[in-house]
Amino acid sequence: MTMEPLILPPVPGLRGIDVYEAHGGYGMLRKAIAMKPEEVTDEVKKSGLRGRGGACFPTGLKWTFMPKQTDKQKYLCVNGDESEPGTFKDRQIFELNPHLLIEGAVIAAYAMGVGTIYLYIRGEYNKWIAMVQKAVDEAYARGYCGESILGSAFSTSFTVHRGAGAYICGEESSLMNSIEGERGYPRVKPPFPAQFGLWGCPTTINNVETIANVPVILRLGWEAYSKIGHPKHPGPILVGVSGHVNNPGVFELPTGVLLTDIIHKYAGGVPGNKKIKAVIPGGSSTMILRGEALEGVTMDAEGLKAAGSSVGTAGLIVMDEDTDLIRVLTRIAGFYHHESCGQCTPCREGTGWMHKILKRFERCEATTADLDLLLEVANNIEGNTICALGDAAAWPVQSMIKRFREEFEKRVKPTLVIASGTPVIASGAPVIASGGGAYGATTTKQSGLPVVIASGAAGATKQSG
Amino acid sequence: MFSEVSLKKIEELKKRYPRPQPVVLAALWMWQEEHGWISREGMVEVARLLGIPEHHVYGVVSFYTMFNSTPVGRHKIEVCTNVSCMLRNSDRIVRHIQDSLKVGVGGTTPDGRFTLVEAECLGSCGTAPMMQVGDEYYENLDEAKVDAILSSLK
Ligand SMILES: Cc1cc2nc3c(=O)[nH]c(=O)nc-3n(C[C@H](O)[C@H](O)[C@H](O)COP(=O)(O)O)c2cc1C
Ligand code: SF4
Ligand code: FES
């Protein structure tokens, strides 16, 4: 399964507009503008391109949600917030091929009749923002952005908008609030952005890599594009590999590539030839898989769904046999707690609880009841929140408990012994208030740890949580 | 006060949006770049320039983690400790910096040169462990590399 790199071709100096043009750059914009907007959308639709921002939503279909007749401004937001742990692919596009992104965005704007493009880039990427801004200036200077593009009646502006540090701003409605100069709180949906987006106007949000695929589709034609990789999720995909591999990095591969090939053929295998204990296939929000269960699993929406996970951002994190998975999960839980915007009680409180409980496991101070509680908290977050950050926080916990239960059991505190010698089963098992929406009620607060009078086991003096 | 250059940039940016408020992030960035952190004075000034309430600017500053609402050292060292970096021993990097600078996480050295913080994933997981200082990314770190970087930052 080989493929010429289409998104990140190894052409020296491609970041500059002269080299980009010399390699056919902006030819697809020219081609698009000679087509009808609907024909462009149709091409993208038939290509089978699905969003690379995490949810794999069909891109052409999303574009058709934009109203054709409207007296409102229409907007395209290109999502370069890239803050999902384990994800570092969009940065490669900013650095190596920013004009492909700009060309794709202007084509998308043309297809949807959009007059204003905002490219939102996370604040930490200031160096890359400068690279992209330079490319945007070049594109303006040559008439690929701005008024009457390539002498046509079509005009669209292109503005780079710098974020300021908040994972949640990658969520599409939060991103729009952030562009509006608000705090980055997600909005309740519906209404959906295509009806009521930026300033209440029709808006489409697409990931950076998704947009970079658009000129490629026009160049190859939808038919040839749809034959790359997995038929139900075709195209090149930027797979970022990190963790315990010899050769980490971003690899452009056809979808449908075997995870084991990604790890061994491209990322150079595991240092010291150690066994793989686990992988997180698509950024920290996706469900963890056991190392023994990787045979035959492919990097595409269908393959990972069948394996009980998802593609997410294709940020593959590899963990060798010596990895302390409880520590990994505790760190992930801490991340979601830190990044929760606090609007929904299940997410705000639940992420904090999960982190706290996991810290008890990390210190071997948890009880078996803590495991049930942990799962119950995760289950109560999932599906009960305004945005998908809640789910993203629940899935790693749920999947770790399901697939690595023994790791938790190993960390349960040994049976405690009262001075008299009577063994005590961890009583005081935490009680979660039942009946929906009880999160945060003071009655649900629990210590989680039985009171220890004297203990044969270590750690009795430590505070819980 | 904003520099003339920034004032001009803010005016230019306002044309990019249907109303002035979206420029709040960019304006705060400019203030922070000029002053190192965002004081009350900065927020008042941004609010005035954009014609938005002061409390709104304050709300924005407090929401986004990259805005410093208190003074920080000349160099803010942000070590990523999220999963991919953790798997590649970012904790050792944090400890090493703590030991060399004699400062805890969240602290600033007495000479005001460095502030040390732990960061969430910075999009550099393939070159872990890593840290960011100012706009610069320092990747594939080890102790010796950290020493060289720290001594180069005056
Ligand atoms: C908490 C959270 C964070 C997200 N972060 C990003 C991000 O950094 N970049 C991104 O493209 N999409 C992110 N998404 C997904 C976006 O909401 C949206 O689905 C995506 O940008 C759509 O683009 P696509 O259809 O091209 O994939 C995030 C979603 C959630 C719930
Ligand atoms: S799910 Fe979490 S991050 Fe999303 S809106 Fe609710 S509180 Fe905020
Ligand atoms: S986990 Fe450290 S940069 Fe991504």
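The figures here come from the full heavy-atom set of this structure, side chains too, leaving out hydrogens, waters and symmetry mates. All values derive from a computational prediction rather than experimental measurement. Note on naming: letters A, B, ... go to the chains in the order of the sequence lines (proteins, then strands), and numbering restarts at 1 for each one.
With chain B as the partner, the residue from A:Tyr185, A:Tyr118, A:Tyr167 showing the most heavy-atom pairs under 4.5 Å is A:Tyr118. Heavy-atom pairs under 4.5 Å with chain A peak, among B:Leu28, B:Val24, B:Val60, B:Ile52, at B:Val60. With respect to chain B, the highest number of heavy-atom pairs below 4.5 Å among A:Arg331, A:His244, A:Met319 belongs to A:Arg331. Your options are B:Ala128, B:Ser124, B:Pro18, and the one with the most heavy-atom pairs under 4.5 Å with chain A is B:Pro18. Among the candidates A:Gly86, A:Gly249, A:Ala166, the residue making the largest number of heavy-atom pairs closer than 4.5 Å to chain B is A:Gly86. Residue with the most contacts toward chain A among B:Cys121, B:Ala26, B:Ala119, B:Gly134: B:Cys121 (heavy-atom pairs, distance under 4.5 Å). Heavy-atom pairs under 4.5 Å with chain B peak, among A:Ile332, A:Ile280, A:Val245, at A:Val245. Across A:Arg327, A:Gln73, A:His338, the residue that shares the most heavy-atom pairs under 4.5 angstrom with chain B is A:Arg327.
Looking at A:Tyr75, only its side chain comes within 4.5 Å of chain B, counting heavy atoms on both sides. For chain A, the nearby part of B:Glu33 is the side chain; its heavy atoms alone come within less than 4.5 Å. Contact annotation for A:Val328: both backbone and side-chain heavy atoms come within less than 4.5 Å of a heavy atom of chain B. Proximity to chain B is limited to the side chain of A:Ile317, based on heavy atoms less than 4.5 angstrom apart. Heavy-atom distances place no part of B:Asn89 under 4.5 Å from chain A, backbone and side chain included. Interface remark: B:Leu122 contributes backbone and side-chain atoms alike to the contact with chain A (heavy atom separation under 4.5 Å). Residue contact with chain B, scored on non-hydrogen atoms closer than 4.5 Å, involves the backbone of A:Val318 exclusively. If you measure heavy-atom distances from A:Glu84 to chain B, the contacts under 4.5 Å come from the backbone alone. B:Gln21 touches chain A through backbone and side chain together, each having a heavy atom under 4.5 Å away. In this structure, the portion of A:Ile168 lying under 4.5 Å from any heavy atom of chain B is its side chain and not its backbone.
Relative ring orientation between A:His161 and B:Tyr17 is described as perpendicular, the plane-to-plane angle rising above 60° on a 0-90° scale split at 30° and 60°. The aromatic rings of B:Tyr64 and B:Phe67 lie perpendicular to each other, with more than 60° between the two planes, well past the 30° mark.
Under a 4.0 Å N-O distance rule, the pair A:Glu180/A:Arg187 qualifies as a salt bridge.
Judged by the 6.0 Å distance and 45° axis criteria, A:Arg91 is not positioned over the aromatic ring of A:Phe94.
Crowding of B:Tyr58 atom OH: a count of heavy atoms from other residues, nucleotides or ligands under 6.0 Å not exceeding 12.
If you run side chain to side chain contact (heavy atoms under 4.5 Å, CB included) between A:Glu407 and each of A:Leu329, A:Thr323, A:Ile326, only A:Ile326 comes through.
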Side chain to side chain contact (heavy atoms under 4.5 Å, CB included) for B:Met130 and B:Cys85? Distances and angles first, verdict last.
CA-CA 7 Å; B:Met130 66 80 65; B:Cys85 286; 4.0 Å; yes

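Heavy-atom minimum distance, B:Met131 versus B:Val79: CB-CA, 3.9 Å. Considering all non-hydrogen atoms of both residues, A:Val78 and A:Ala105 come closest at CG2-CB, 4.2 Å. The two residues B:Val103 and B:Thr109 make their nearest non-hydrogen contact at CG2-N, 4.0 Å.
Remark: the B:Asn140 side chain and the B:Lys145 side chain contain no N/O donor-acceptor pair separated by less than 3.5 Å.
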